[in-house]
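Letters go in sequence order (proteins before strands), and every chain restarts at 1.
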There are 2 protein chains.
Amino acid sequence: MSVLQTAAKVLRCFTRDRPVLTVTEAAELLAMPKSTASRLLRAMRDAGFLELRADGRRYAPGVMMVEVAHLYAGGSRLFQLADQAVRALVDRFGHTGYVSTRDGTEVIGLSHHPGRNALRVVNTIGSRLAADASATGRALLARLADREIRALFPGRLAPPSPTSPQDFDELLARIAQVRRTGHAESRDESNRGVGALAVAVGDPRTGEALALCIAYPESIIERLERTEMADAMLAEAARIAAEIGDVSWARAS
Amino acid sequence: MSVLQTAAKVLRCFTRDRPVLTVTEAAELLAMPKSTASRLLRAMRDAGFLELRADGRRYAPGVMMVEVAHLYAGGSRLFQLADQAVRALVDRFGHTGYVSTRDGTEVIGLSHHPGRNALRVVNTIGSRLAADASATGRALLARLADREIRALFPGRLAPPSPTSPQDFDELLARIAQVRRTGHAESRDESNRGVGALAVAVGDPRTGEALALCIAYPESIIERLERTEMADAMLAEAARIAAEIGDVSWARAS
DNA sequence: GCCGGAGTTGCGGAAAATGGAACTTGCGTT
DNA sequence: AACGCAAGTTCCATTTTCCGCAACTCCGGC
């Protein structure tokens with residue numbers, strides 16, 4: 001196995017709950033000799049992937065990661081349009097918005113625009129949610145064929161709340177509804193008390209797809225506002241689809 | 001030279017202007033044979049550092065980078081306090097705020113909070129500014145001894161505007177003023193028409209230091225508001241210093 | 001069908017990573 | 001102050017990977 005693979009494994013050891021790593025922790029987590037871990041972490045630091053905290057023992061991700069990550073979406077016109085659209089929606093409605101992408105059965109936040117309301121979702125960028133149990137996820141899944149979706153979910157679903165799809169058939173039904181209405185909706189699913197609307201946009205040529213999402217406290221939302229937001233999101237998505245040249249979108253809506 | 005070093009060099013090839021890389025580009029930029037570049041990029045993709053765009057030729061940073069980058073600051077209590085403080089300042093004054101750190105003679109944005117005003121600095125996270133020619137940079141430099149600052153700037157300064165320090169002595173003078181007042185100020189320096197106030201906070205035990213910064217359109221700012229903001233920033237910094245246990249800060253103010 | 005640029009693959013020599021064990025360091029205990 | 005202990009580093013022979021060259025494939029344009 002190449003060093004790069006191992007280095008990537010090290011990076012994946014970092015989590016919200018474990019933002020720093022010592023040599024011993026890394027060695028245990030990756031089941032490697034301490035000597036290997038010691039040299040690897042040092043090499044990663046020398047290369048800029050990690051930095052050594054001032055105590056001299058704990059390693060954390062390096063600034064280089066921040067610099068590079070920030071360019072992740074730079075090459076994607078789709079992302080820029082999506083991000084701009086979400087910003088406009090946030091400005092207009094005051095709720096929190098974000099742009100996400102799908103990776104297998106999970107969705108990952110790529111950008112985050114806190115709104116004016118009280119919703120304090122700590123940090124959605126870089127964190128993963130189950131695709132079946134979130135509006136963003138179902139909006140993105142709706143772009144796949146049922147057959148492809150089935151292939152993604154071989155096992156049983158693990159619904160985090162009673163308002164999430166409880167089994168695969170319910171997931172498909174919810175997704176079918178997304179295809180009809182153009183938008184996905186969640187209430188009280190991965191985050192308690194939080195509702196969300198999501199719309200997917202994509203570039204059919206590249207297969208790239210992103211979801212625009214607006215999240216709000218379930219308690220303060222009115223049906224009228226929700227309808228208005230869904231319409232506004234669809235309008236933004238249509239604008240983006242036209243700009244990108246996504247003809248399939250026009251068909252769907 | 002280890003693969004990690006080379007991989008890091010590849011990652012550093014990505015910029016705002018070149019957000020994707022082909023095998024040939026990478027080979028040219030890093031002066032390596034195409035075969036090496038080809039295998040390296042593929043290995044980096046297999047490990048998750050890069051992803052291959054749908055055209056099958058262009059590589060871009062991978063999602064993993066976003067995930068890891070987001071944890072960069074998670075291990076730092078100082079960063080969390082600083083970010084929170086900046087958010088409060090942005091809420092109060094409506095201008096754009098950010099948190100930065102210093103890397104040699106440059107400062108790098110770590111978090112970014114767009115304000116309500118019209119200032120549309122596209123994206124400060126992950127981008128670098130000259131430390132000598134920015135408020136954040138001078139605020140952070142002021143924590144060093146003059147001797148250390150001199151060691152950082154061996155050559156001549158390259159002031160980007162007439163309001164930046166034109167030579168090393170002027171830089172030292174501006175920094176001395178930062179030490180007296182506790183805050184740094186810039187006008188029309190790296191960004192035209194933009195003014196900024198910055199205050200540094202740090203943990204003397206670890207040596208870690210960050211700058212809080214508020215940026216605003218130079219044209220709309222009143223002297224009174226600037227004073228108020230500087231005071232508010234100093235108050236936040238003092239709160240953070242107390243929380244962290246930075247006694248040196250108390251001495252400076 | 002040919003050309004040229006872009007990217008990949010096979011091969012031997014060269015360089016690096018690996019794991020075990022011995023060694024050093026830092027720290028709290030007795 | 002010596003001791004024990006855990007964390008981390010260094011040494012070294014072995015194994016694995018990497019490197020650069022050159023030959024090769026792939027694909028679009030002419």
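Residues B/E51 and B/R45 come closest through the heavy atom pair CA-CG, 4.1 Å. Pairing each heavy atom of B/T136 with each of B/A211, the nearest pair is CG2-CB, 3.7 Å.
Between B/L41 atom CG and C/dA6 atom P there is a gap of 15 Å when expressed in whole angstrom units. Rounded to an integer number of Å, the gap from B/Y59 OH to C/dT8 C1' is 10 Å. Remark: C1' of D/dT9 and CG of A/L40 are 14 Å apart, rounded to the nearest angstrom. Here the C1' atom of nucleotide D/dC5 and the NZ atom of A/K34 are 11 Å apart, to the nearest Å. Atom CD in B/Q5 sits roughly 15 Å away from atom P in D/dC18 (whole-Å rounding). Rounded to whole Å, the distance from CE on B/M1 to P on D/dC19 is 10 Å. Between A/R57 atom CZ and D/dT9 atom P the separation is 10 Å, expressed in whole Å. We find that CZ of A/R39 is positioned 14 Å from P of C/dA21, with the value rounded to whole Å.
Using a 4.5 Å heavy-atom threshold, the side chains of A/L110 and A/I125 count as separate.
Salt-bridge check for B/R150 with B/D146: failed, with every basic side-chain N at 4.0 Å or more from each acidic carboxylate O. The existence of a salt bridge linking B/E25 and B/R58 is excluded, since no basic side-chain nitrogen approaches an acidic carboxylate oxygen closer than 4.0 Å.
Residue-level contact check: A/S2 touches the backbone only, with heavy atoms under 4.0 Å from sugar-phosphate atoms and none from bases. Base contact: B/S35 has a heavy atom under 4.0 Å from a base atom.
The base of D/dC18 has none of its N or O atoms less than 3.5 Å from a complementary donor or acceptor on the side chain of B/T36.
Side-chain proximity of A/V3 to C/dA17, D/dT10, C/dA6: nearest is C/dA17. Checked against C/dG19, C/dG7, C/dT8, the side chain of B/T24 finds its nearest nucleotide in C/dG7.
Dashed line: the shortest gap from a side-chain N or O of A/R42 to OP1 or OP2 of D/dT10 is under 4.0 Å.
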